[in-house]
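Throughout, protein chains are lettered first and strands after them, A, B, ... in sequence-line order, and every chain is numbered starting at 1.
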Amino acid sequence: MHRYRTHTCGALRESDIGHEVRLSGWCHRIRDHGGVLFIDLRDHYGMTQVVVDPDSKAFPLAEKLRAEWVVRIDGKVRIRPAGTENPEMPTGKVELYASEIEVLGPAAELPLPVFGDQEYPEEVRLKYRFLDLRRERLHNNIMLRGRVIDSIRRRMKDGGFFEFQTPILTASSPEGARDYLVPSRIHPGKFYALPQAPQQFKQLLMVAGFDRYFQIAPCFRDEDARADRSPGEFYQLDLEMSFVTQQDVFDAVEPVIRGVFEEFGAGKHVTAKFPLIPYAEAMRKYGSDKPDLRNPIVMQDVSAAFRDSGFKVFANILANDPKAEVWAIPAKGGGNRAFCDRMNSWAQGEGQPGLGYIFWREGEEGGAGPLAKNIGPERTKQIAEQLGLGVGDACFFVAGQPAKFVKFAGPARTKVGEELGLIVKDRFEFCWIVDFPMFEWSEEEKKIDFSHNPFSMPNYPIDDFLALDPADAETILGIKAIQYDIVCNGVELSSGAIRNHRPDVMKKAFAIAGYGEDVLEQKFGGMLRALTYGAPPHGGIAPGIDRIVMLLAGEENLREVVVFPMNQRAEDLLMGAPSEVTQKQLRELHIRLNLPQK
RNA sequence: GGGGGCGUAGCUCAGCUGGUUAGAGCGCUGCCCUGUCACGGCAGAGGCCGAGGGUUCGAGUCCCUUCGCUCCCGCCA
């Protein structure tokens with residue numbers, strides 16, 4: 001007989017009745033009836049009920065067992081007495097009558113019970129992550145993650161992609177997020193950086209002729225955390241392809257993503273064909289470049305209804321600023337004052353002066369509320385008709401420069417959708433966001449800068465692009481990049497682009513953004529050199545693994561799908577990272593600390 | 001860096017307009033219980049009410065400061 005077990009805790013069935021077996025596992029739950037005592041013995045594979053009574057020589061020890069002790073139990077499998085089967089458990093028709101128990105690992109009183117599904121504070125859960133991971137929900141999430149990654153690998157390989165490993169210790173890159181730095185012992189004063197993404201490496205692999213690359217790649221960024229953004233490190237399905245158009249990338253990636261969501265989405269509806277939504281349209285309709293399409297609300301421009309109207313606040317905004325507009329957020333089913341007032345207070349809590357509204361109800365079919373009275377019945381009717389609203393509905397309005405108010409309009413649309421229960425859960429609504437602007441006006445630096453990734457190819461005839469006058473801001477700010485995102489349920493799942501593989505175009509793009517060739521050479525010399533010696537047109541994308549698993553697991557927070565996550569302040573409470581190091585270590589690295597005054 | 005929320009027993013939480021000895025459930029300890037599967041019953045231990053300061057006859061409760069966790073803004077090729 002094996003030292004620890006002949007079966008796992010999820011294995012025993014009626015066919016095993018009468019056999020002498022050995023199980024090892026954790027005491028999940030113990031029910032002591034004095035004369036008879038039940039132990040639910042748990043391991044990774046399942047749970048089996050163990051019975052002990054005073055006729056067994058294991059009885060005295062069984063009475064001493066406590067939750068989460070690790071034990072080995074020998075005994076005979078027997079059928080449960082009629083009426084005591086548990087149909088909830090796969091092993092529920094049988095039980096193990098214990099003849100011998102050995103304690104393999106006793107447990108101290110638990111700071112975090114494994115049994116049950118109560119919520120516990122993040123701090124305790126992270127400090128005792130190993131206990132939290134024993135709990136069903138997290139345990140399942142982590143296994144789901146593994147299965148999702150297996151499936152992704154298989155799908156990528158079937159699609160003709162090869163998996164590569166790229167360096168973890170690399171060079172600091174000037175663009176993007178803050179780097180994690182690693183001091184060099186051999187080169188005093190110099191540092192490696194952990195890659196924010198294997199961006200340049202995958203492009204170099206394309207230049208090297210490997211044609212189709214992918215990697216489940218760790219990425220490191222020293223930026224502050226969010227619920228959907230782990231501090232420090234996260235994983236991407238990083239991929240790159242040569243000789244492709246944007247459409248080729250879509251055709252390669254969309255089936256992988258859709259397939260994974262259909263495979264693990266527990267039957268939830270998955271978008272059959274991801275619609276393409278231009279960035280500008282997404283901002284206009286949804287107030288976001290990562291719209292939640294489960295929310296049916298589509299905003300509209302209703303400036304005409306307010307221009308020169310009796311509602312002076314909006315009329316003046318429109319009269320005084322040619323860029324100003326008024327947008328409407330329709331709220332079907334929100335046609336009562338209580339709801340409109342609640343939205344108004346919410347807006348004030350968001351730092352807005354308020355949220356104008358009109359609502360329609362029985363007896364006031366022409367529109368109710370102060371705003372309706374100010375603009376009059378004709379204009380109110382015009383709004384109702386434009387948005388298809390009637391009795392029982394409401395509509396909210398935001399005014400000003402769209403570029404400035406979308407940061408509020410987008411969340412307002414979400415809020416209305418949530419409050420009115422318009423968001424259809426149990427669906428994965430995907431879309432591609434395309435046509436991102438290549439450049440944007442940096443208010444901070446008072447100059448044109450890259451809007452997103454400087455490696456993206458501008459969607460503009462190459463000769464015309466090379467001939468651009470850097471002072472022609474209007475034309476330049478209108479140029480789109482061949483860049484795209486996948487968005488699902490309001491979560492940005494991935495970002496990608498057709499890359500700029502032409503050194504002359506790249507030099508021009510950097511020149512437009514105000515960077516000289518010396519900067520380009522210094523920061524991206526390797527990349528530039530590679531593009532000089534025969535670079536294929538190429539492009540790719542990098543879906544976030546953690547976010548995919550988060551959506552599939554139905555979780556709101558990345559920590560629920562990462563085995564050993566850090567907390568919001570980028571601390572690992574279990575391992576105690578970051579930590580101080582010895583003077584000797586610092587000396588070897590030629591580092592002297594210069595700590596902030598406290 | 002900024003804003004919101006939270007902080008009371010090992011854990012989850014209650015504790016009203018400030019009022020005498022701060023409660024419940026789970027867990028823990030002891031006793032009882034031979035068919036439970038959230039077993040049940042009885043008894044008990046366990047509290048710097050995050051920390052510091054203030055107001056008050058009196059503070060878990062009000063005010064200020066500070067620390068911790070979390071959510072958001074900034075930031076995020």
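- If you measure from atom CD of A:Glu68 to atom P of B:C28, you get 11 Å, rounded to the nearest angstrom.
- Distances from the side chain of A:Val51 to the nucleotides B:G35, B:G74, B:C69 place B:G35 closest.
- Contact annotation: the side chain of A:Ile498 never approaches that of A:Pro537 to less than 4.5 Å [non-hydrogen atoms, C-beta and beyond].
- Within 4.0 Å of A:Ala227, counting heavy atoms only, lie sugar-phosphate atoms of the nucleic acid but no base atom.
- As judged by a 4.0 angstrom heavy-atom cut-off over every strand, A:Gln203 is placed among residues making no nucleic acid contact.
- B:U34: no Watson-Crick or G-U partner with both key distances under 3.5 Å is found in any strand.
- For A:Phe38, the side-chain atoms get nearest to B:G35 when compared with the rest of B:G35, B:C73, B:U29.
- Rounded to whole angstrom, the span from the CE atom of A:Met47 across to the C1' atom of B:U36 amounts to 14 Å.
- Look at A:Lys407 and you'll find a side-chain N or O under 4.0 angstrom from OP1 or OP2 of B:G74.
- Taking every heavy atom of both residues into account, A:Ala58 and A:Ile101 meet most closely at CB-CG1, 3.8 Å.
- Distance, A:Leu194 CG to B:A77 P: 16 Å, rounded to whole Å.
- Comparing B:G60 with B:U20, their C1' atoms are spaced 15 Å from each other, to the whole Å.
- B:A43 and B:C72 are spaced 47 Å apart, taking the P atom of each and rounding to whole Å.
- Partners of A:Phe396 according to the ring pair (Phe, Tyr, Trp, His ring centres under 6.0 Å) rule, which considers only residues two or more places apart in sequence or in another chain, are A:Phe339.
- Ring pair A:Tyr515/A:Phe450 is parallel by interplanar angle, where below 30° counts as parallel and above 60° as perpendicular.
- Comparing B:U61 with B:G54, their P atoms are spaced 14 Å from each other, to the whole Å.
- Ring pair A:Trp327/A:Phe405 is perpendicular by interplanar angle, where above 60° counts as perpendicular and below 30° as parallel.
- Between the CZ atom of A:Arg125 and the P atom of B:G68 there is a distance of 21 Å, given to the nearest Å.
- Under the 4.5 Å side-chain criterion, counting only non-hydrogen atoms from C-beta, A:Lys93 is not in contact with A:Arg80.
- Here the P atom of nucleotide B:C73 and the CG atom of A:Asp224 are 12 Å apart, to the nearest Å.
- Contact of A:Arg66 with B:G10 (side chain to base): no donor-acceptor pair of N or O atoms is detected under 3.5 Å.
- Pairing for B:C49 is absent, judged as Watson-Crick or G-U wobble with the two contacts each under 3.5 Å.
- Atom name C1', nucleotides B:G41 and B:U34: the rounded distance is 16 Å, in whole Å.
- Side-chain contact of A:Asp238 with A:Tyr213: a donor-acceptor pair under 3.5 Å is present, judged by distance alone.
- Distance A:Met566 CE to B:C69 P: 13 Å, rounded to the nearest Å.
- Dashed line: the shortest gap from a side-chain N or O of A:Arg226 to OP1 or OP2 of B:C71 is not under 4.0 Å.
- Nucleotides B:U21 and B:A59 are separated by 11 Å at their P atoms, to the nearest Å.
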Can you check each nucleotide of nucleotides 37-42 of chain B against protein heavy atoms at under 4.0 Å and return B for base, S for sugar-phosphate only, - for none, in 5' to 3' order? BSB---
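- Under the Watson-Crick or G-U wobble criterion, with both distances below 3.5 Å, B:G19 is paired with B:C57.
- Counting to the nearest Å, the C1' atom of B:U12 and the CG atom of A:Leu112 are 11 Å from each other.
- Across the interface with RNA chain B, nearest-nucleotide mapping of A:Ala67 and A:Pro113 shows A:Pro113 to be the residue nearer the 5′ end.
- Distance from the side chain of A:Gln236 is smallest to B:A77 among B:U70, B:A77, B:G74.
- In this structure, a donor-acceptor pair under 3.5 Å is present between the side chains of A:Asn141 and A:Glu555.
- Residue contacts for A:Arg135: at a heavy-atom cut-off of 4.0 Å it reaches no nucleic acid atom on any strand shown.
- Comparing B:A22 with B:C32, their C1' atoms sit 31 Å apart, to the nearest whole Å.
- Between the side chain of A:Arg229 and the base of B:C75, a donor-acceptor pair under 3.5 Å is found.
- Distance from the side chain of A:Pro54 is smallest to B:U34 among B:C75, B:U34, B:C69.
- In this structure, A:Tyr484 and A:Phe250 have perpendicular ring planes: the angle between them is above 60°, well past the 30° mark.
- Atom-to-atom, CD of A:Glu223 to P of B:C73 comes out at 14 Å; the value is rounded to the nearest Å.
- Pairing partner, B:C69: B:G5, with both Watson-Crick or wobble hydrogen-bond distances short of 3.5 Å.
- No hydrogens or angles considered: nothing links the side chains of A:Asp53 and A:Ser56 as a donor-acceptor pair under 3.5 Å.
- No engagement by A:Asp222 is indicated, since no non-hydrogen atom pair under 4.0 Å with the nucleic acid exists.
- Side-chain atoms of A:Asn453 lie closest to B:A77 of the nucleotides B:A77, B:C71, B:C76.
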